[in-house]
Each structure stands twice: as C-alpha cells, then as structure tokens.
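Reviewing the structure listed below.
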Amino acid sequence: HATKVVIHLKQTSKPSYSLFIPFESFKMSAANDDNEEFEFGDETGNASKDARPAAPSTGPQSSTKKSSPADSSVVFSPELLAMYYSRLFPYQILYSWLSYDPSTANPPSNGNSGNSKSATSWSSTFPRREFSMTIEPTPGNEVYIRYQSFLSQEELSSAIMKRRPTKIDIGAVFNHPPKDNKSLPAGKLQTQERELVFDIDLTDYDGVRNCGCSGAKICHKCWTFMGMAMEVMDEGLRQDFGFEHVAWFYSGRRGVHCWVCDDSARKLTNEARSAVASYFEVNLGSEKNKSFYLSSPLHPMLSRAYKILEPQFATCVLPKEGHGLLATRKSWTDLLLTLPESAIPVSAKLEKKWGSPKDNSTPHEKWNELKAALMAFIGKGGNAKVSKNLSTIDRIRIEHWPIETVFKHTYPRLDINVSKMQNHLLKSPFCVHPKTGRVCVPIEVATIENFDPFQVPTLAQLMKELDEYEASSDKNESIVHDWQKTSLKEPFERFQKKFLVPLLNEERRAQREERERKAAVMGDF
C-alpha cells in the first residue's frame, strides 16, 4: 500500500536532513490525488494513486521509465528534479518576495542558489513563515513534513536541494518560527499574517465542459475557462477592494492560483477573508438542483462580470469550435428548454425558425436573436408589446436568464475554503507538478489569451535547453542565474519587473513613512 507519514523536524543551528523514521503501511485514498492545498491542523495528505511499494531509492520519486536526465520521454524523475532544484529554482525571487524586505531585491552575484543572509533575526518576516514539504524517501511512501521555517535564503535552498521535495506548500507567517512549535506551550503558535489566496481548478467545471475533458484532463477549449475566471477575479480584487499587488500562477496541471500580497490583504482576519471570498461566490446550482436565480437589481460586480464574460461565452462556449452550446439542433433545443416556463412562446418560435432548412445563422447570431426575443417579450426591446400574463417575477427571471446562462458556464468556481483562513497552505509557485513535469510559472491577466499550458516548459525540456546553451558558442555574459539560460527567463523576469519590484517599492515607501511617523511622535525631526 502507498503510505504517507506526517512528521515535524526540529532544526538545530546546523540542521541535518537525513530521514530515518519508522512508519506503518496503510492504504491511502486517491480521491484527492492532485490536492494542491492543505489546512493548518490537517496533517495528512493523500498518496499518489500510482504509488506502490518498490525498492528503496535515494530520490524523492522514481519515474515509470528508466532514463537519463535528458530523456525527453520522461516528464518527472528524481534526477530531473534534483537538476531543477540545484540549478533552476528561483530561490532569490521566492525569498525576496516572501521576505517583503526591499533590501533583498538585488540578486546575489554568485548564481542561482544565492547566500542571502539579510534575514538575521527570527523576528523578521521570512523566518516566521511556514513551509511544508512532501518527500518520497522510498517509492510510493510519501512523507509530509510540516512546520518548517528557515532563517535565510541559504537555509531554504539547502533544505530543498537536500530533500528534493515532490511538492512544496507555503503557509502563514506566525508569531514564532514554526519549527519551534513542539517546544512552545499549546496554543502559543498563532498566525499573524498571510497573503489572500484563491484556487481555481478546472475539475469544478466538469458539468459544463463539453469538450470531452473531465477530471485532470484539459484541452485548449476548456482552458479558456481559466482565463475568464482570472479576468473577473482580478478586476474585482483591484476595483472593488483596491488591491494592487495581485500575482497569478499556473498550478502546473489544470488550474490557477492567485496571491494577493498587499499589506492590507496580508493582515486580513479570517472573518474578513471569508467575507472577501464570499463576495465573489455565486450559487450556480447543483447536480440535484440546477436552477438558480440572481437577485434584482443585479449587483454592480455581477454586471461587470457579465460584461467581461458574455463576449467570451459567445466566442468560446457557443460554437462548435468551443463547447457547442448552440452548434446543433440538439444543443439549442436543450438550451431553450432551460428558459423560464413563462417564455415558452419565445422558445417555440425560435425552435421552429432555427430548425428551418432556410436558417443558416451562426451560434453567435442565434444567441443575439434569443436575447433580443426575450427582451421584446418582456417589453424592453423594439415596439413589441409585453404579455399581460407576465408577473413582475416572470419578467425579472426572463431578463436575467441570459446572465444566469453565461454565469453557469463561465463564472469563476472558487475553492472557497482555501481563501477563508490565514492558516491554509497552498502549493508554492515555481515548483514542479509531479504529474506533468511542468513548472508553476507566473502568468499575467493582460496576456492570458496567449498563455498555453501545453507550452509551459517541462523538466526534460529545461534540461535540454541548458545543454544547448552550454554547447553554444554564443554566451551572454550578463546572465546571473541558470534559469536565464532557459525558457523560464521570460516569465521569471516579467514577474520580477511587473510584480516583485513594484511590491518591494511599496514596502520601501511604507517603511519610510513609518520611520517618519515615529520620528514625528518622538519629536526627532
């Protein structure tokens, strides 16, 4: 049986990372095989459904095919992972970001791993940050290590390169270093701050994915749902809450993660986090009860979301090239059946017209015709007379039906529990998904339509790119990090320029203002 054991390692001033621990074998559920988040206090995770007993291995995970590290047919192996952690993982970027210390912005001159020791006190932010690591000391036996914390970038990089975790999770900043949790009195270790995070996964769209995908499987057609969700969430976070430092990351397989890093967001209480997450939540119905109704008048946030989503709904969901919602007679008949009962005359008229051999309207044209017919039916379009038999509730439901239909297919489906609590862990950006071998790269909302998850570099591809660069005679002397020799250069540098630098500049301004405020209070001008 596959096993997973949760342990807590207490670090000393000179930590040892060798693991010799007894554990019992027990059968693990594979229901959440690709779970990317954990909650504080829930110290168990699920082993891979493919994991099985095998001979001991020094690596964190064995590939299903014996291969050299440069074999492009292998997406994930201990050798490839070791290469990534030793040469390509952006330790300095992650450390600089999670430190929120402007002095860490400049990369060290000695390469990728760095030896930054700017966090010299356990009272600063980074040393009180929780990390967790999932390692595989023997194939099929996962060990989930909680409450890890590191004084410096050097300690973090050393631990990661030594353990080679198959997964890294990031948690909250505590009032004490999490590594000391066992030596503290019960209840003494408390969260103090944490980025506001959101997790959106394509598995939650299975009910509306008519492209043939379900579960972990994705394609270009259903990936468009992620772009739509990002646009709605990003606009709401910035416009309605005033957040400025919002970072998005590809999860490495079938979803996206959002990290809101403004100081005000990091300081939110659990109640406030729950309120923000609930603000974006829309009840889209369930398998047993697929009907849902929007309140009237429509909330401004939902009106804005509809304006963002409806054009993409028409382009990506309606046609045959998308999910075919209005592409065939069966599909448009099924859609017309979802109209309110009071709109049956509209449904019957359009069913007859669209079924005529003379009708050659496109799915987009059908959608516009349907919307116009509904508005005319309730007296809001053209010179049509409203039916006297319609109640106010009937009119509202007919008017809202196009909006509700768009939302049922495209509105963001949040794993709201990830966002509610400070103590929730979420997969670290920049790590590698063990199922795909792809890096969790930063992505931008402004260019999301150009983002292709199938073009995100894999470990094997990155190894090949490094080999090609080293063999090339055209060397760039300005390169500091090995990841700059690969296709990771563009997303990593863009993240630094457009997110990290503005974030640290804001922190610098805030620190200066705080010093000036204290000087004014003390009369020290």
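Side chains are part of it too, since the values below use all heavy atoms of this structure and drop only hydrogens, waters and symmetry mates.
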Item to check | All ring-ring contact (aromatic ring centres under 6.0 Å, His included) counterparts of Tyr205, not counting sequence neighbours | outcome: Phe225
Checklist entry - Which residues pass the ring-ring contact (aromatic ring centres under 6.0 Å, His included) test with Phe198, sequence neighbours left out? => result none
Checklist entry - What is the minimum heavy-atom distance between His424 and Val418, and which atoms define it? => result CB-O, 3.7 Å
Checklist entry - How would you list, by chain and number, every residue that makes a side chain to side chain contact (heavy atoms under 4.5 Å, CB included) with Gln511, sequence neighbours excluded? => result Pro102, Arg515
Checklist entry - Taking all non-hydrogen atoms of both residues, which atom of Arg209 and which atom of Thr203 are closest, and how far apart? => result NH2-CA, 4.1 Å
Checklist entry - Residues in side chain to side chain donor-acceptor pair (under 3.5 Å) with Glu506, at least two apart? => result Arg509
Checklist entry - Among all residues two or more places apart in sequence or in another chain, which pass the side chain to side chain donor-acceptor pair (under 3.5 Å) test with Asp234? => result Arg238, Trp248
Item to check | Tyr279: side chain to side chain donor-acceptor pair (under 3.5 Å) partners, not counting sequence neighbours | outcome: Asp240
Next on the checklist: Is any side-chain heavy atom of Phe89 closer than 4.5 Å to one of Leu488?
Outcome noted: no
Next on the checklist: I'd like to check the side chain to side chain donor-acceptor pair (under 3.5 Å) partners of Ser264; sequence neighbours left out, ordered by chain and number.
Outcome noted: none
Item to check | Under the salt bridge (Lys or Arg N to Asp or Glu O under 4.0 Å) test, residues paired with Arg129 that sit two or more places apart | outcome: Glu195
Next on the checklist: List the residues meeting salt bridge (Lys or Arg N to Asp or Glu O under 4.0 Å) with Glu493, not counting sequence neighbours, and say none if there are none.
Outcome noted: Lys489
Item to check | Sequence-distant partners of Lys485, salt bridge (Lys or Arg N to Asp or Glu O under 4.0 Å), two or more places apart | outcome: Glu470, Asp482
Checklist entry - Would you say Thr125 and Asp101 make side-chain contact, with heavy atoms under 4.5 Å? => result no
Item to check | Summary of salt bridge (Lys or Arg N to Asp or Glu O under 4.0 Å) pairs that have at least one residue in residues 440-451, sequence neighbours excluded | outcome: Glu444-Arg494, Glu444-Lys498
Checklist entry - Between Pro502 and Gln496, which heavy-atom pair has the shortest distance, and what is it? => result CD-O, 4.4 Å
Item to check | Short side-chain donor-acceptor distance under 3.5 Å, Arg273 and Asn270 | outcome: no
Checklist entry - Can you check whether His245 reaches Phe499 side chain to side chain, under 4.5 Å on heavy atoms? => result yes
Checklist entry - For atom NZ of Lys188, is the number of surrounding heavy atoms from other residues, nucleotides or ligands below 6.0 Å larger than 12? => result no
Checklist entry - Should the pair Asp467-Lys464 be classified as a salt bridge under the 4.0 Å nitrogen-to-oxygen rule? => result no
Checklist entry - Is there a side-chain contact between Gln312 and Thr410 (heavy atoms, below 4.5 Å)? => result no
Item to check | Trace of the side-chain contact (heavy atoms from CB on, under 4.5 Å) decision for Phe241 with Leu196 | outcome: CA-CA 12 Å; Phe241 293 95; Leu196 177 63; over 6 Å; no
Next on the checklist: If you apply the rule side-chain contact (heavy atoms from CB on, under 4.5 Å), what do you find for His257 with Leu426, and how did you get there?
Outcome noted: CA-CA 9 Å; His257 297 158; Leu426 187 65; 4.0 Å; yes
Item to check | Passing candidate, side-chain contact (heavy atoms from CB on, under 4.5 Å) with Arg254, options Thr436, Ile200, Ile218 | outcome: Ile218
Item to check | Check against side-chain hydrogen bond (donor to acceptor under 3.5 Å, both in side chains), Thr486 and Tyr469 | outcome: CA-CA 8 Å; Thr486 73; Tyr469 180 88; over 6 Å; no
Checklist entry - Under the salt bridge (Lys or Arg N to Asp or Glu O under 4.0 Å) test, which residues partner Glu231, sequence neighbours left out? => result none
Next on the checklist: Here's a test for you: under side-chain hydrogen bond (donor to acceptor under 3.5 Å, both in side chains), which of Arg163, Glu130, Glu155 qualifies with Gln148?
Outcome noted: Arg163
Next on the checklist: In the structure I gave you, are the side-chain heavy atoms of Val143 and Pro137 within less than 4.5 Å of one another anywhere?
Outcome noted: yes
Item to check | Heavy-atom side-chain contact between His481 and Phe492 under 4.5 Å | outcome: no
Checklist entry - Can you check whether Tyr91 and Phe430 have ring centres sitting under 6.0 Å from each other? => result no
Next on the checklist: If only side-chain N and O atoms count, and only distance matters, is there a donor-acceptor pair under 3.5 Å linking Glu465 with Ser487?
Outcome noted: yes
Next on the checklist: For Phe495 and Trp97, I'd like to know if the aromatic rings sit close, meaning centre-to-centre distance below 6.0 Å.
Outcome noted: yes
Item to check | Test item: Asp262 side-chain N/O and Glu244 main-chain N/O as donor-acceptor pair under 3.5 Å | outcome: yes
Checklist entry - Do you know the tightest heavy-atom contact between Phe126 and Ser99? => result CB-OG, 3.6 Å
Next on the checklist: To check you understand the geometry: which heavy-atom pair defines the closest contact between Phe249 and Cys440, and what is its length?
Outcome noted: CD2-O, 4.1 Å
Checklist entry - Counting only N and O atoms by type, is there a donor-acceptor contact under 3.5 Å from the side chain of Lys420 to the main-chain atoms of Ala277? => result no
Checklist entry - Side chains of Phe454 and Trp223: closer than 4.5 Å at any heavy-atom pair? => result no
Checklist entry - Going through the checks in order, is the side-chain contact (heavy atoms from CB on, under 4.5 Å) test met by Ile168 and Tyr85? => result CA-CA 12 Å; Ile168 303 171; Tyr85 283 141; 3.8 Å; yes
Next on the checklist: Please tell me whether Asn141 and Thr138 have a donor and an acceptor in their side chains that are separated by less than 3.5 angstrom.
Outcome noted: yes
Next on the checklist: Under a 3.5 Å distance rule, please check whether Thr269 uses its side chain to pair with a backbone N or O of Ala272 as donor and acceptor.
Outcome noted: yes
Checklist outcome for this item: Correct closest heavy-atom pair for Pro442 and Pro491 would be CG-O, 3.9 Å
Item to check | Derivation and outcome, side-chain contact (heavy atoms from CB on, under 4.5 Å), residues Asp415 and Asp201 | outcome: CA-CA 8 Å; Asp415 185 349; Asp201 197 299; over 6 Å; no
Checklist entry - Are Asn423 and Arg194 close enough that some pair of their side-chain heavy atoms sits under 4.5 Å apart? => result no
